[in-house]
J.: 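Dropping the structure in here first, questions after.
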There are 2 protein chains.
Amino acid sequence: MLKEERQQTILNEVELHNRILLTDIAEALDVSIDTVRRDVKELDSENKLRKVHGGAISLGFTVNSTRNQNVYRLEEKNIIAQKALSLLKPGSVIFIDGGTTCSELARLMPHNLEITCFTHSLPVASELLNKPNVNVIIVGGQVSSESQTTIGANAIHNLSEIRVDFSFIGTGYVDSFYGLTEFDWDIVQVKKAVIKSSKKTVLLSISEKLNSQHRYKTCDINAINTMITELNPTDALLNSFRNHDIHIL
Amino acid sequence: MLKEERQQTILNEVELHNRILLTDIAEALDVSIDTVRRDVKELDSENKLRKVHGGAISLGFTVNSTRNQNVYRLEEKNIIAQKALSLLKPGSVIFIDGGTTCSELARLMPHNLEITCFTHSLPVASELLNKPNVNVIIVGGQVSSESQTTIGANAIHNLSEIRVDFSFIGTGYVDSFYGLTEFDWDIVQVKKAVIKSSKKTVLLSISEKLNSQHRYKTCDINAINTMITELNPTDALLNSFRNHDIHIL
DNA sequence: TAAATCCATGCAAATATAGGCATGAAAATC
DNA sequence: GATTTTCATGCCTATATTTGCATGGATTTA
């Protein structure tokens, strides 16, 4: 039996059954396991099937799992979250916004830090529930499926009744001239309420968002007390923010 | 059976049912629990599912939480949730309690049913966020890490300002004489508030909980309008509940 | 807090793999 | 046509992987 012929048979079997065992093929074609292994290895490198331990499976067989949970720019967001943590003291009362950067902050929150934390983000609340010493309070309201945060009149009203030491907020876009801007009107309203309820507002933003703007404005850049990016505070990218009265971390 | 094949099967099961038990998979695939555990662990590290104590859950349907989720008596809870769905009509305004049975109800909610749903449970809210036609409103308040629901004075006050057509509640214990009882005092207070805010109250409970009681009382059995278990309504176990004015489903 | 359940770890047996080497057949070269 | 080269193949061995089981520790549930 020719090599080509054999490999074609293997491919057919894989297509037919979605999977094969090397031992089965070896027996069926009356060749050694080693030969089949070499064939399959070759077919794998030609991307005609996928070799696995003990056999091979059809390429089309693997069903893609629902969602790729990869967080965009996780490294940068991790650095930002680390920096933000340095602002926290035991007993602080803080607010944490939605978004992946803020979720990262929640995820990295130390287990032994006793603080009270308001949030309107479900993912943030979930992360914080793992921290025994964090008192988590969710701001009630209508839940936006897109952002997984509560929004709307009720959420804004609830926010109006609190006052926290620090709020850690994210933003869609930030520019030293245009300030913080968003794509979504409802989100802007909530962020405004958050800033109004905070003694100090800390902006967490990856450098990628610097010098960009969009339709709806959350606040002027002056409304921010501290700005945290993954960059070194002396980085040239931050020059335009230095005129303002902002602490850059 | 190939390892890859097995893992693919596990993934398919998780996608299909959103939750699986390690023991079920082990039995179905005729391999040891250890093997399934190793597979699930591997799939978890590949971010294809999330491993939880005793089983695994789909990624898409959970908030970003490492907290374990209970998969105990899932079959029964599934049946109960199915029955509960039959009570819903388009336009209904309902409340869904915390607990795995209620989460199951949220998970099974049809995508095309337009309803407004209040909840104080984070997992329930997360499940409902996947349903484009469900308007989700979270009752704000302090979050109990144990139950993953909001509790306390603020939550109770927020509940006092709403009135829903149906509330679907779970309970720790239920007995035809002692009524609904709980282990936890705070939970009882919230459930009381929920019942007060509902035109009709529907109890979801697996039969295992029937004829059991605990320290704190939520309400008399008469306060319940409809009771749903996984049993056939004519089952003898339900006899003691028949004297009361309860619709047994 | 106690009982039940689940999990991580190490171990051993079975199986799979990679790479070296020998053999024989086909192909290329002289 | 004889010799050399190339290649496919099978066999062997050391190594790696997979899997079930036992154990002690961790977690969950009541």
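Here the structure is a predicted model, which means the values were calculated and not measured. Below, chain A is the first sequence line, B the second, and so on; all start at residue 1. Excluded from the calculations below are hydrogen atoms, water molecules and symmetry mates; all remaining heavy atoms, backbone and side chain alike, are included.
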J.: Could you state the CD-C1' distance from Glu4(B) to dA16(C), rounded to the nearest angstrom?
T.: 14 Å

J.: Produce a footprint string for nucleotides 21-28 of chain C: one letter per nucleotide, 5' end first; B if the base is under 4.0 Å from any protein heavy atom, S if only the sugar-phosphate is, - if neither.
T.: --------

J.: Once you round it to whole Å, what is the distance between C1' of dT9(D) and CG of Leu2(A)?
T.: 14 Å

J.: Can you tell me how far P of dT5(C) sits from CZ of Arg37(B), to the nearest Å?
T.: 14 Å

J.: Only counting residues at least two apart or in another chain, list the ones meeting side chain to side chain contact (heavy atoms under 4.5 Å, CB included) with Glu76(A).
T.: Arg73(A), Ile206(A), Glu230(A)

J.: Examine the side chains of Thr149(A) and Ser147(A) and answer whether a donor and an acceptor come within less than 3.5 Å of each other.
T.: yes

J.: Check whether more than 12 heavy atoms from other residues, nucleotides or ligands sit under 6.0 Å from atom CG of Asn222(B), and answer yes or no.
T.: yes

J.: In residues 185-192 of chain B, which residues come under 4.0 Å of DNA chain D by heavy atom?
T.: none

J.: Does anything in residues 111-124 of chain A form a salt bridge (charged side-chain N to carboxylate O under 4.0 Å, His left out)? List the pairs, not counting sequence neighbours.
T.: none

J.: Per the end-axis method with five pairs at each terminus, what is the bend angle of the helix from dT1(C)-dA30(D) to dC30(C)-dG1(D), to 10°?
T.: 50°

J.: Round to the nearest Å and state the distance from Asp44(B) atom CG to dA8(C) atom P.
T.: 10 Å

J.: Just compare dC11(D), dC7(C), dT17(C) and give me whichever is closest to any side-chain atom of Lys51(A).
T.: dT17(C)

J.: Using whole Å, report how far CG of Leu21(A) lies from C1' of dT15(C).
T.: 12 Å

J.: Would you indicate what Val52(A) reaches in the nucleic acid, counting non-hydrogen atoms under 4.0 angstrom: base, sugar-phosphate, or nothing?
T.: sugar-phosphate

J.: Can you list everything that forms a ring-ring contact (aromatic ring centres under 6.0 Å, His included) with Tyr173(B)? Sequence neighbours excluded, please.
T.: His214(B)

J.: Who pairs with Glu42(B) by salt bridge (charged side-chain N to carboxylate O under 4.0 Å, His left out), at least two apart in sequence or on another chain?
T.: Lys3(B)

J.: Going by atom types only, do Lys77(B) and Thr100(B) share a side-chain donor-acceptor pair under 3.5 Å?
T.: yes

J.: The criterion is ring-ring contact (aromatic ring centres under 6.0 Å, His included); which residues satisfy it with Tyr178(B), sequence neighbours excluded?
T.: none

J.: Partners of Phe95(B) by ring-ring contact (aromatic ring centres under 6.0 Å, His included), sequence neighbours excluded?
T.: His120(B)

J.: Ile10(A) CD1 to dA8(D) C1': how many Å, rounded?
T.: 14 Å

J.: Is the closest side-chain donor-acceptor distance between Thr150(B) and Gln142(B) under 3.5 Å?
T.: no

J.: Does anything in residues 223-249 of chain B form a ring-ring contact (aromatic ring centres under 6.0 Å, His included)? List the pairs, not counting sequence neighbours.
T.: none

J.: Inspect the contact between Asp165(B) and Lys200(B) and indicate whether a charged nitrogen and a carboxylate oxygen are less than 4.0 angstrom apart.
T.: no

J.: Report all interatomic pairs (protein N or O, nucleotide N or O of nucleotides 12-17 of chain D) with separations under 3.5 Å.
T.:
{"from": "dC12(D)", "atom 1": "N4", "to": "Asp34(A)", "atom 2": "OD2", "distance (Å)": "3.2"}

J.: Starting at CD1 of Ile33(A) and ending at P of dT9(D), how long is that distance when rounded to a whole Å?
T.: 15 Å

J.: For Phe166(A), which residues count as a ring-ring contact (aromatic ring centres under 6.0 Å, His included) partner, sequence neighbours excluded?
T.: none

J.: Does Asn232(B) CG have over 12 foreign heavy atoms under 6.0 Å away?
T.: yes

J.: On the nucleotide dT9(D), are OP1 or OP2 found under 4.0 Å from the side-chain N or O atoms that Arg6(A) carries?
T.: yes

J.: Mind calculating the distance between NZ (Lys209(B)) and C1' (dT29(D)) to the nearest angstrom?
T.: 12 Å

